Amino acid sequence: MYDGDFAVRWMAAVAVAVDREAGRLTELDSAIGDADHGANLRRGFTAVAEALAKEPPATPGGVLAAAGRRLISTVGGASGPLYGTLLRRAGKELGEEPAVDREGLARALAAGVAAVGRLGGAVVGDKTMLDALTPAVAALSESFAAARSAAEEGARATVPLRARKGRASYLGERSIGHQDPGATSSALLFAALEEVAEA
Amino acid sequence: MYDGDFAVRWMAAVAVAVDREAGRLTELDSAIGDADHGANLRRGFTAVAEALAKEPPATPGGVLAAAGRRLISTVGGASGPLYGTLLRRAGKELGEEPAVDREGLARALAAGVAAVGRLGGAVVGDKTMLDALTPAVAALSESFAAARSAAEEGARATVPLRARKGRASYLGERSIGHQDPGATSSALLFAALEEVAEA
Amino acid sequence: MRMLINVPETVVADALRGLAAAHPELTVDVERRVVVRRDAPVAGKVALVSGGGSGHEPLHAGFVGPGMLDAACPGEVFTSPVPDQMVRAAAAVDSGAGVLFVVKNYTGDVLNFEMAAELAEDEGVRVAKVLVDDDVAVTDSLYTAGRRGTGATLFVEKLAGAAAEEGAPLERVEAVARRVVERSRSFGVALSACSTPAKGGPTFDLPPGELEFGVGIHGEPGRERRAMMTSGEIAEAAVDAVLDDLRPADPVLLLVNGMGGTPLLELYGFNAEVRRVLAERRVPVARTLVGNYVTSLDMAGASVTLCAADEELLRLWDAPVRTPALRWGR
Amino acid sequence: MRMLINVPETVVADALRGLAAAHPELTVDVERRVVVRRDAPVAGKVALVSGGGSGHEPLHAGFVGPGMLDAACPGEVFTSPVPDQMVRAAAAVDSGAGVLFVVKNYTGDVLNFEMAAELAEDEGVRVAKVLVDDDVAVTDSLYTAGRRGTGATLFVEKLAGAAAEEGAPLERVEAVARRVVERSRSFGVALSACSTPAKGGPTFDLPPGELEFGVGIHGEPGRERRAMMTSGEIAEAAVDAVLDDLRPADPVLLLVNGMGGTPLLELYGFNAEVRRVLAERRVPVARTLVGNYVTSLDMAGASVTLCAADEELLRLWDAPVRTPALRWGR
Ligand SMILES: Nc1ncnc2c1ncn2[C@@H]1O[C@H](COP(=O)(O)OP(=O)(O)O)[C@@H](O)[C@H]1O
Ligand SMILES: Nc1ncnc2c1ncn2[C@@H]1O[C@H](COP(=O)(O)OP(=O)(O)O)[C@@H](O)[C@H]1O
Ligand SMILES: [Mg+2]
Ligand SMILES: [Mg+2]
Ligand SMILES: [Mg+2]
Ligand SMILES: [Mg+2]
């Protein structure tokens, strides 16, 4: 069972990973976007980790919802509202439960991913974060490791795709051959989740 | 004896030389100035050659004076009024004489150089065109070849100098180690003169 | 990369401090990133709020003032602002007559402004939104996030701003803004990449002798790479791309916009070519604006925006405006 | 080098065609390179004529109009204009009240304007001249061509232009111009070289991590090369260099001027630092102007100009001006 403290540690691990990988994310965004994805997420998850360290909500649902709100009010760009909605929606789904099992977490995140799809209007194959998020939440009912590797696989699978949503879509054919930055950062989310769960 | 036709051929030869060396002059001016000396003189002497080809004055004095006026109204920058004054003053000095010997030409050009000194306020050693012009007109009483090599020697001698006039003076110490573009173009004037005289 | 900055993290805050120092006629909340005209809210007047990533200056903060925007929300460099900024801006400028959000069509701007509109409406502010999407370089817009918003933003902010200043109600101001969007199209090229503070260098490499054709204003590569063209050839390509999509029945407002790194000398020369091409295509030009207005940091390049201006739009264009970057009339 | 041009030979003529197309309120003689305010000569008014090399836009042509210049003479890129242009300009704008030549202190400008003044006087025009030499980077001016004219040119043209517009006679207008020169100093840095069309590439190489300290506006290297500094450090160095030479007893006019290639975002951030330093040095700022006004093509960098403004100068600063690049008041 995973409690509020677990969720706080997850978010802190994401912050560390995003900080470490910010350069790579920005590099990927510079190829088919506007070179800010790393800086965006670093700003956002640093704020999330700080807020949670100061006033950690008691429940995992409370933590994820707070993290989502914080992302929305600090990131901006496309990824701010999208990641913010992912976590906020997942948090709301978890409700007031003091702890949740992996299955429950998977269901909540699936609701979050669905909300991301509704908000951004993208589907799997559009070369967005959904290409990593969707297979990852599906695999999460199996194991944390499966979720992580599904996310990574999904991110890699964006390389040959032509973007149809977000900024990369303006490039048309020229978006082909590059890995989507948002899908790449989504994989970091699930790597951090596995790391914290196995620790 | 050198007549109006000779003066026209001199100016035409200068135009050819300046056109050929424009890149080098601009390169020199880019090191310690504003990278336009080649373009400036090319514009000016092209206009001079065109004007003289259309309506060549009969006397060498008339030709040089017309060339000087043309430089003044087409070049701009520092070199326009200075070279313009050099030729205009020399032309006036020659007066209405239908032809002139080398001595006479040397005297007239010396008057022109003196006018350049008065107009620009520079003296030999200030790292300007005067460093080539002054020794060249002095040597011209000897021979055309002596004038040419004195001008070239004078231009080369500007390399170690610190500029005290013109745009290069703003560089202070940093002007040292570069050959002055105006002195370099002055050497072209005397190379063209020798070429036309020996032809 | 050499930039005139302290550290990348503070560029936006530093710029806002400098804006505040230079323009006492603006109220600048540096901390919360909201720029408001000093006399807001103006009683009975519909308020215009815009915003977007920084790096496009003078857009948007330079267009705050009588006759144009009531408030601007600058985001991080090339990153749309967050909803909190827009909600705060709306609250600061709403006189009760409602607020129009002017939104450039980028996923980030759209999503953040949408969230902001919901939140502001929760707080009792009437909000209308207009989406600016003028960039014809994005052709297959069914398979993209839609056309980008670029130069036409200036036209929307000026013309809708003038309508609001005249006292038009929210529906009218919104309708003017929509008409401007419908009647405006842009096309841009880049002769160099720009350098963002976060990346610390050029956002892409452009081989010598090539240019990016059909670019936006975020340092992204263009739709295609072409061999370098002359100013006249670029003018032909850009004008024709715009006219392919917009057949103006009225004389046009023309914006020849620099991306930031192209000298004004070149920009005026480009304007000469654009005017030549427009004359050849028999498109009369009513008004021209040449300058760096919707920029992409230090990117070299330019864009052409046309707006088919009926009589009302022309009158609104000529109406007085008093902002840091655009200023005429009384 | 990628430039938005046709061929290097026509850049100035192309720009003038584009200027004419954008600004019907100017009379532009493209062939003869003279830009004149349309209503010139203004009866009874002293006329201001300036000019210089192109590549510094909007200076000078962008400052032609009521309250500022009556005419401008653009030379080739970074090359002072020829006397014929100035004589023609003087003839076009002289109402009989005389003409003031505003000359930046460069050998070329000085010599050409001197010749022009003689020729114009021969034609019966009363001519006065003022030499702008504000750049404190040129310290040992006994051994140089004297201090360069840079940012203060804008102050001279605006303030003397306002005096002329008020109807002051030639001697007064000249005296105002001289007072502005005496009370103005500048200092500039470059973070990159500029590229001239004639050279087709950068005018000098700047190794990464260095900047040119004490530069002019012609793409020449600076007085020294220094290790890259932050915006705050540059502001301190620039302000202190100016204050070493100018101890303002009055509140100052402040121009934070971009060299062309520095984004407005950075320039406003730099202004914040300049204001911080001025506050620390207890120099009150009366008015601020931030933007690309006296440029050096696409050079990245900035300069700081201060003018100690007494009450009359402040009044003249606030007086209406109506030019392409500077515009306020009625
Ligand atoms: N409509 C969308 N739906 C889902 N994800 C999207 C959408 N648009 C963009 N994204 C994701 O957002 C990422 C870009 O985020 P970021 O660079 O932070 O924002 P911006 O594009 O505004 O600069 C993309 O790589 C993509 O994965
Ligand atoms: N006061 C002066 N007296 C004599 N020659 C000068 C003076 N100032 C400059 N020069 C000459 O002019 C040359 C520069 O000419 P040019 O580049 O055409 O003009 P500018 O300096 O205006 O760009 C210098 O190399 C120098 O030889
Ligand atoms: Mg991005
Ligand atoms: Mg030169
Ligand atoms: Mg972005
Ligand atoms: Mg020059």
Side-chain angles (χ1 to χ4, degrees), chain C residues 1-7 10-12 14-23 54-55 57-58 62 77 191-192 194 206 208-211 228 230-232 234 256 260-275 285 288-290 292 295 297-298 300-302 327-328 330, chain D residues 1-7 10-12 14-23 54-55 57-58 62 77 191-192 194 206 208-211 228 230-232 234 256 260-275 285 288-290 292 295 297-298 300-302 327-328 330:
Chain C
M1 193 50 212
R2 289 170 291 242
M3 295 177 182
L4 186 53
I5 63 175
N6 289 318
V7 291
T10 63
V11 283
V12 175
D14 289 348
L16 289 178
R17 284 191 298 130
L19 183 75
H23 294 288
S54 291
E57 291 66 29
V77 171
L191 307 189
S192 79
C194 60
L206 195 53
E210 305 199 4
L211 58 79
M228 190 59 203
T230 65
S231 163
I234 293 172
V256 172
T262 285
L264 206 50
L265 182 74
E266 295 179 21
L267 216 51
Y268 270 112
F270 183 54
N271 179 49
E273 296 300 329
V274 168
R275 289 297 294 265
V285 176
T288 305
L289 195 62
V290 178
N292 292 288
T295 62
L297 292 172
D298 62 344
R327 193 184 263 267
W328 56 70
R330 250 166 318 108
Chain D
M1 193 52 211
R2 288 170 291 241
M3 295 177 181
L4 187 54
I5 64 174
N6 288 318
V7 291
T10 63
V11 284
V12 175
D14 289 348
L16 289 177
R17 285 192 297 130
L19 183 75
H23 295 289
S54 292
E57 290 65 29
V77 172
L191 308 190
S192 79
C194 60
L206 194 52
E210 304 199 4
L211 60 78
M228 190 59 203
T230 64
S231 163
I234 293 172
V256 172
T262 286
L264 206 49
L265 183 73
E266 295 179 21
L267 217 51
Y268 270 112
F270 183 54
N271 179 49
E273 297 298 329
V274 168
R275 289 297 293 266
V285 176
T288 306
L289 195 62
V290 179
N292 291 289
T295 62
L297 292 171
D298 61 345
R327 193 184 263 266
W328 58 70
R330 249 165 318 105

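Per chain, numbering begins at 1; letters A, B, ... match sequence-line order. Below, all heavy atoms of this structure are taken into account, side chains as well, without hydrogens, waters or symmetry copies. From a predicted model like this one, the values you see are computed outputs, not experimental measurements.
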When C:Ala21, C:Pro58, C:Gly261 are compared by non-hydrogen pairs under 4.5 Å with chain D, the top option
C:Ala21

Interface residue of largest heavy-atom contact number with chain D, from C:Thr230, C:Asn6, C:Leu19, under 4.5 Å
C:Asn6

Please flag which part of C:Val77 lies under 4.5 Å from any non-hydrogen atom of chain D: side chain, backbone, both or neither.
side chain

Tell me which of these, D:Leu267, D:Val12, D:Thr10, D:Asp14, has more heavy-atom pairs under 4.5 Å with chain C than the rest.
D:Asp14

C:Ile234 versus chain D, the contacting section by heavy-atom distance below 4.5 Å:
side chain

Check each atom of C:Thr262 against the heavy atoms of chain D and say whether the ones under 4.5 Å are side chain, backbone, both or neither.
side chain

With the side chain counted from C-beta on, respond yes when D:Leu297 and C:Leu265 share a heavy-atom pair under 4.5 Å apart, and no when they do not.
yes

Checked D:Gly269, D:Ser231, D:Ser54, D:Pro263 vs chain C; the most non-hydrogen pairs under 4.5 Å come from D:Ser231

Rounded to the nearest 0.5 angstrom, the CG-OG distance for D:Leu211 and D:Ser192 is 11.0 Å

Measuring heavy-atom distances to chain C, does D:Leu289 have an atom under 4.5 Å in its side chain, in its backbone, in both, or in neither?
neither

May I ask you to name which of D:Val7, D:Val274, D:Ile5 has the most heavy-atom pairs under 4.5 Å with chain C?
D:Ile5

Considering only heavy atoms and a distance below 4.5 Å, find which of C:His23, C:Glu266, C:Arg17 pairs most often with chain D.
C:Glu266

Considering only NZ, NE, NH1 and NH2 on the basic side and carboxylate oxygens on the acidic side, decide whether D:Glu210 and C:Arg2 come within less than 4.0 Å.
no

Is chain D contacted by the side chain of C:Ala300, its backbone, both, or neither, given a heavy-atom distance below 4.5 Å?
neither

Evaluate the side-chain proximity of C:Leu264 to D:Thr295: yes if any heavy-atom separation is below 4.5 Å, no if none is.
no

Interface moiety of C:Leu16 toward chain D, non-hydrogen atoms closer than 4.5 Å:
neither

Any idea which of C:Val11, C:Val290, C:Leu191, C:Val256 has the most non-hydrogen atom pairs under 4.5 angstrom with chain D?
C:Leu191

Roughly how far, to the nearest 0.5 Å, is CG of D:Leu4 from OH of C:Tyr268?
14.0 Å

Taking the side chain as every heavy atom from C-beta outward, state whether C:Glu57 and C:Asn292 have any atom pair closer than 4.5 Å.
no

State which residues pass side-chain hydrogen bond (donor to acceptor under 3.5 Å, both in side chains) with C:Arg275; sequence neighbours excluded, sorted by chain then number.
C:Thr288

